[in-house]
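We number each residue from 1, following the sequence as shown.
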Amino acid sequence: MKSDEIIEKIRNKLKESDPARRTVVNTFQFNFTDVDGQLIKSVALDIYEGNTASADGRVTISDEDFYLVGTKQKTFDEIIKSERAQIDGDTEAISKIMEKFRINTQN
């Protein structure tokens with residue numbers, strides 16, 4: 001999956017961060033789809049693969065679109081406005097976490 005690089009970056013940032021200083025403490029589940037909308041992977045944002053029943057928010061987004069957001073080629077808001085992602089739950093917390101973990105693949 002193209003998004004694996006971004007997921008790994010998020011995992012590393014979470015490992016390095018002091019849990020007491022985190023500004024986002026919600027649990028999120030991301031459901032990644034292929035270009036045809038078929039589920040290819042689910043990730044809970046303590047970043048373990050799989051589903052979680054206790055997610056504060058759920059995002060269903062294509063692997064390609066998540067990659068574009070993570071590499072700053074698109075914003076999460078652009079993807080939402082074009083109806084290429086589905087959000088359930090705490091949308092403010094989801095937007096906050098997406099902004100925190102953008103990466104630039106040129107680094």
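- Counting non-hydrogen atoms of other residues, nucleotides and ligands closer than 6.0 Å to CD of Q86 gives a total of 12 or fewer.
- A heavy-atom distance below 4.5 Å is found between the side chains of V59 and F76.
- Taking NZ of K74 as the reference point, atom CD1 of I79 lies at 6.0 Å (rounded to 0.5 Å).
- The backbone N or O of Q38 sits nowhere less than 3.5 Å from a side-chain atom of D36 that would complete a donor-acceptor pair.
- The backbone N or O of R58 sits nowhere less than 3.5 Å from a side-chain atom of D88 that would complete a donor-acceptor pair.
- Nearest heavy atoms, T75 versus E78: N-OE1, 2.7 Å.
- The distance from the OG1 atom of T33 to the CG atom of D63 is 8.0 Å, given to the nearest 0.5 Å.
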Should F32 and I61 be marked as a side chain to side chain contact (heavy atoms under 4.5 Å, CB included) after you check the CA-CA gap, both sets of side-chain angles, and the distance that decides it? CA-CA 5 Å; F32 295 100; I61 188 170; 4.0 Å; yes
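- Taking all atoms of both residues into account, the shortest heavy-atom contact from Y67 to I6 is CA-CD1, 3.5 Å.
- Clustering ILVMFWY residues whenever any of their side-chain heavy atoms sit less than 4.5 angstrom apart, transitively, puts L68 in a cluster other than the one holding V43.
- Side-chain atoms of S62 and E64 include no donor-acceptor pair closer than 3.5 Å.
- A donor-acceptor pair under 3.5 Å is absent between the side-chain atoms of D90 and the main chain of G57, judged by distance alone.
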